[in-house]
Amino acid sequence: MLHRLARGHQRRYAGYQVAVSSPQGRFTAGAAAVDGRVLVRAEALGKHLLHVYGPDLVVGVHLGLYGTVTAHPLPVEPPRGQVRMRMVGPTQCDDLRGPASCELLTDAEVAALRARLGPDPLRRDADPDRAWSRLSRSRAPLATLLTDQTVLAGVGNVYRAEVLFRHGLDPMRPGRELRREQWEALWADLVGLMRHGARRGRIDTVLPEHDPVRTGRAPRRDRHGGEVYVYRRAGQPCLVCGTEVATAGLGGRNLYWCPRCQPPAAR
DNA sequence: GATCTATGTAGAT
DNA sequence: TCTACCTAGATCG
């Protein structure tokens with residue numbers, strides 16, 4: 001989703017002067033620093049959105065759980081609700097609400113961010129081997145590793161539940177018990193699913209054209225509009241085998257899986 | 001109208 | 001492992 005956002009900003013703002021403000025008042029100084037400048041580039045790095053205005057002049061946004069960006073046509077209307085940052089370009093206006101962070105970054109801080117994050121399946125410069133070297137040495141559960149942004153950047157709670165389901169992998173299986181070919185299939189699937197998601201603007205994990213699981217049943221639509229197998233379907237029948245989808249808290253997030261389709265590996 | 005929940009992360013304990 | 005934090009829509013009464 002963030003990549004889709006970044007592409008939109010790149011298309012609609014890059015190369016143009018942008019009026020930046022903070023109607024809510026919590027990003028006033030940062031907004032003033034870039035207000036009226038030409039946006040050089042917008043890009044996504046994992047779940048981070050970067051607006052590059054110049055050397056040491058980068059606005060870094062992390063939406064967190066609740067953050068949203070909404071686009072509006074011109075002319076500009078008075079902001080509604082808590083608008084942390086408003087950008088006005090030649091053709092439209094974007095309002096940012098509720099981000100976990102929105103701050104001015106130096107180039108060194110951006111470099112540190114790049115160094116900290118694992119490969120992002122949506123970036124062409126991603127090196128999946130970096131993730132494999134972490135994963136294949138870790139005793140942590142796959143479910144933990146997939147959403148660890150220092151292992152893989154950009155994968156969230158929906159993709160982790162869904163990709164593990166699609167590959168019949170037990171979420172609690174230690175990373176180091178994953179075989180190399182299983183990892184390669186997992187990575188390739190993430191790239192495909194996330195590209196599809198970035199194009200469509202929603203998370204679909206039941207894809208007719210590329211689907212390791214043939215359910216023969218109508219997929220289920222989740223509240224975000226995407227089509228999923230197990231995410232937020234606790235207690236409902238698995239779309240493949242009919243077993244109740246299980247749920248458990250893991251690291252403060254809800255995990256969902258099918259105990260029958262994703263059994264613990266035999267030892 | 002109150003309460004709950006959420007595609008997340010950092011920092012304290 | 002926990003708690004805080006940012007906001008809005010869904011759900012409950």
* Does A/Asn157 place a side-chain N or O at less than 4.0 Å from the phosphate oxygens OP1/OP2 of B/dA6? -> no

* To do: State which residue, out of A/Thr70, A/Val69, A/Leu63, fulfils the side-chain contact (heavy atoms from CB on, under 4.5 Å) condition with A/Arg97.
  => A/Thr70

* Taking only the side-chain nitrogens and oxygens of A/His62, find out if one of them lies under 4.0 Å from OP1 or OP2 of B/dG8. => no

* To do: Would you indicate what A/Arg4 reaches in the nucleic acid, counting non-hydrogen atoms under 4.0 angstrom: base, sugar-phosphate, or nothing?
  => nothing

* To do: Using the six-membered ring wherever Trp is involved, compare the ring planes of A/His48 and A/His62 and label them parallel, tilted or perpendicular (cut-offs 30° and 60°).
  => perpendicular

* **C/dG9 to B/dT9 separation - P atoms, rounded to the nearest Å** => 22 Å

* Using 30° and 60° as the class limits, which term best fits the ring planes of A/His51 and A/Tyr53: parallel, tilted or perpendicular? -> perpendicular

* Write down the distance between CG (A/Leu65) and P (C/dC6), rounded to a whole number of angstrom. => 13 Å

* May I ask you to verify if any side-chain N or O of A/Arg116 is less than 4.0 angstrom from the OP1 or OP2 atom of B/dA10? => yes

* **Backbone of A/Ala42 reached by a side-chain donor or acceptor of A/Gln10 within 3.5 Å** => yes

* Quick one: A/Lys47 NZ to B/dA6 P, roughly how many Å, whole number? -> 15 Å

* Structure fact -> Taken to the nearest whole Å, OH/A/Tyr231 to P/B/dG8 is 8 Å

* To do: Could you state the atom-to-atom distance from CG of A/Asp148 to P of B/dT9 in whole Å?
  => 9 Å

* Closer than 4.0 Å, any side-chain N/O of A/Gln24 to the OP1 or OP2 of C/dC6? -> no

* Between atom CG in A/Leu63 and atom C1' in C/dA8, what is the gap in whole Å? -> 14 Å

* **Distance, rounded to the nearest Å, where A/Met85 contributes CE and C/dC6 contributes C1'** => 15 Å

* Could you tell me whether A/Asp129 and A/Arg180 make a salt bridge, using a distance below 4.0 angstrom between a side-chain N and a carboxylate O? => yes

* Asked: Within this structure, what is the CD-to-C1' distance between A/Gln82 and C/dC5, rounded to whole angstrom?
  -> 14 Å

* Length of the line joining A/Tyr66:OH and B/dG8:C1', which is rounded to integer Å -> 8 Å

* To do: Between C/dC6, B/dT5, B/dT9, spot the one nearest the side chain of A/Ala100, thanks.
  => C/dC6

* To do: Check every atom of B/dT9, C/dT7, B/dA6 against the side chain of A/Arg97 and return the nucleotide holding the closest atom.
  => C/dT7

* Say you pick atom P in B/dC4 and the same atom in C/dT3; how far apart are they, in whole Å? -> 16 Å

* To do: For B/dA12, give its Watson-Crick or G-U wobble partner with both distances under 3.5 Å, or none.
  => C/dT1

